Amino acid sequence: MVSGAPANDVDLECRRLVKRFGGLAAVDDVSFTIAEGSFFSILGPSGCGKTTLLRMIAGFQYPDEGDILIKGRSIVSVPPNRRPVNMVFQHLALFPMMNVAENIAYGLKRRGTPRSEIAPKVQAVLERVGLPDSGPMRVDRLSGGQKQRIAIARCLVLDPALLLLDEPLGALDLKLRERLKVELKELQSQVGTTFAYITHDQSEALVMSDHVAVMNEGRFVQVGTPQELYFDPQTAFVAGFVGDSNRWTGRVEDADTTGVKVVTADDLSLLGAPAGAGGLARGDRVEIFVRPESIILGHDATRLGAVDNRVRGRVENILFDGANSRVMVRDGASGHEIMVTLPQTGEFAALSRGQEVHLGWTLAQAKCFPAGDDAARAGAA
Amino acid sequence: MKAGPPFRLGLILLLAPIVLWLSLLVILPHIDMLLISLRVRVAPRVYETSLANYVEFFTEPLYWNTFARTAIMSVTATAMTLLIAFPVSYYIAKMLRGRTKNLLFLLCLVPFWVSELVRTFGWMILLRETGIVSNLLQWAGLTAGPVEMLYNDAAIMIGLVYTSLLFMVVPLVTTLDSLDDSLIEAGYDLGGNGFAVMRTIVVPHAMPGIASGCIVVFMLTLGNYLTPILLGGKDSLWFTDQIYTQFITRFNWELGSAFGFLLLVLSSIIVWIGLRLSGQTLSESVK
Ligand SMILES: Nc1ncnc2c1ncn2[C@@H]1O[C@H](COP(=O)(O)OP(=O)(O)OP(=O)(O)O)[C@@H](O)[C@H]1O
Ligand SMILES: [Mg+2]
């Protein structure tokens, strides 16, 4: 869906956007569309160009190449104060010289909304974000989470076609972030405004979004639903960046239609399925990713059932975290440390350090990607 | 309280210089001045307490005309300094980055490495009848004969604004520097044009800097002696010149003290009005 998409369903379309700083392309040939009313996230490591991309959409940076269309109309030459988009800044940028109500009324006043309509609108949006009494409060008296909601309310009151959010949860502590993640998603589905959200936190992107674009070094690596990214990554970078994985590097020993046989750098022989674009041939260097929750844990080899890969090892460490508990197992043969999700059945409640366990996973759950620069970088991240 | 005595001693030692400085150089002279201003000489070395000096000030039109003129000119000079310094400061603080910014800021400081006297002579060289500007105008054929641009109010104003610029630019650059760029961007993003962003975000943020800059410039201008006398000549009618005349020429310390005290009252009142109008407090603007 490049340009054939009907204009009324698509809120934002970016065509081959490029922005260079000196010789470095901070945003490099990025094209995407955001459907009306959806929650779209851009996920990428620090410095990959997320803010630059968002600032081009908001109008604070002029693209070197490419076009930006909102509801089918190019806005590249429209100044930021006349674009139908609003932005929640990385550090929120609430005006400290005004109280909460004045902050929210700011945009309405600039628009020339009659005085009598401003107060009810401000009150309505304050109720919407769950802070109906905060109008006369000073901005610096608000808590982190409240500031965050006021910053969003300040934009929502203007009813923008698109709301841009630049890591608005970045400055908050973990607990609050977890709660606001859910609240933000609920707010978005209630008001129905299109959200473009950028973050380097994969869990934020997965929990909230309808669609996620994974970005690396100025380019979009993969765009898809959170499920697609998690279960069907197209490159080693996405597999490594989205969710946790066990990872091996190795060389293809044998390849046929059912899968590939790989010998890893530490001499472990594994069966895996080729993933991503382009097949694998004998002799190719590959990276293998296996999710901790797709590994079966057993006290003896017979409990594993019919699995393609089997490993025997000793428990190195137990990372107990309630439902999210994990075990680190040291592979007896290669010495590789493997992370396994602890089953919730209670069967392994008595597991202790040094105990011998058997691990197994199927061929389909071991995703093999050709090892390139991309994979090397993901390894460093 | 075991820690009491050493702490007290430290505090006293720390405060001693400032207390001495304030009492010896500011409070004592002013008390003395007030006392001197409240007496009249009835015979050689015989004095009487009276308000005669203040009465003389209000009954002699020359005195209070000069007084009012000095106040109005000072307020005007302060306003003009602000109008010129604000765009300059905004440009330095918000538009420039890195080395150019430091360089430009330094360039604002350079004229102040030269003494005020020399700088004022610089203006005299430019503006006098046989000066550079006059010659240039004749050479360009814009005037028939030499023009005298010194010894008028405009020359005084130029000199005062020029002398004061630095004291306005420094506090303005400091406060504008502390304004987060994303606040300005948010101002535009939410639909404000350049004027609205300036009025609702930049100026309110810079208000403490504006207030402290204006206070300093106003005080310096009001108490300036050199610039009005040199650029305005004999008829500059600046109040500090009246005080000088009373003390040095007439040797009338009583009237001179009364004038000095009135000047202090005047500047305090105008600063107070200014703070009131701009909604600032003194402690905020010296922060
Ligand atoms: N105004 C600028 N001038 C020069 N280089 C810039 C400018 N803005 C960004 N860059 C560079 O562009 C690259 C991308 O920056 P950007 O701020 O978009 O990253 P980001 O993905 O938002 O990172 P983070 O998650 O840390 O906020 C960086 O290498 C940065 O140094
Ligand atoms: Mg950023």
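Residue numbering restarts at 1 for every chain, and letters A, B, ... go by the order of the sequence lines. Note that the structure is predicted; figures quoted are calculated from it, not measured.
Closest non-hydrogen pair, B:A186 versus A:R154, comes out as CB-NH2, 3.7 Å. Pairing each heavy atom of A:P96 with each of B:L183, the nearest pair is CD-CD1, 3.7 Å. For A:R110 against B:G191, the heavy-atom pair with the smallest separation is CB-O, 3.6 Å. When all heavy atoms are compared, the tightest approach of B:L190 to A:L158 is CD2-CD1, 3.7 Å.
With hydrogens and angles ignored, the 3.5 Å screen pairs a side-chain donor or acceptor of A:N81 with a backbone N or O of B:G192. Between the side chain of A:Y106 and the main chain of B:G187, a donor-acceptor pair closer than 3.5 Å is present.
Between B:E185 and A:M87, every side-chain heavy-atom pair lies at or beyond the 4.5 Å cut-off. Counting heavy atoms from C-beta on, the side chains of A:M98 and B:T200 come closer than 4.5 Å. With a 4.5 Å cut-off on side-chain heavy atoms, B:S182 and A:L92 do not count as touching.
Counting heavy-atom pairs closer than 4.5 Å to chain B, the top-ranked of the candidates A:P79, A:G107, A:C155 is A:G107.
With a threshold of 4.5 angstrom between heavy atoms, A:L94 approaches chain B through N, CA, C or O but not through any side-chain atom. Within the 4.5 angstrom heavy-atom criterion, only side-chain atoms of A:R55, from C-beta onward, approach chain B. Both the backbone and the side chain of A:F95 come within contact range of chain B, judged by heavy atoms closer than 4.5 Å. The contact between A:M97 and chain B is made entirely by side chain atoms (from C-beta outward), counting heavy-atom distances below 4.5 Å. Heavy atoms of B:D180 lying under 4.5 Å from chain A are absent altogether.
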### A:F60 and B:D189: CA distance, side-chain angles, deciding distance, side chain to side chain contact (heavy atoms under 4.5 Å, CB included) verdict
CA-CA 9 Å; A:F60 298 120; B:D189 186 69; 3.8 Å; yes
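The neighbour count for A:R115 CZ, taken as heavy atoms of other residues, nucleotides or ligands under 6.0 Å away, does not exceed 12. When the shell of 6.0 Å around OH of B:Y91 is examined, it contains 12 or fewer heavy atoms from other residues, nucleotides or ligands.
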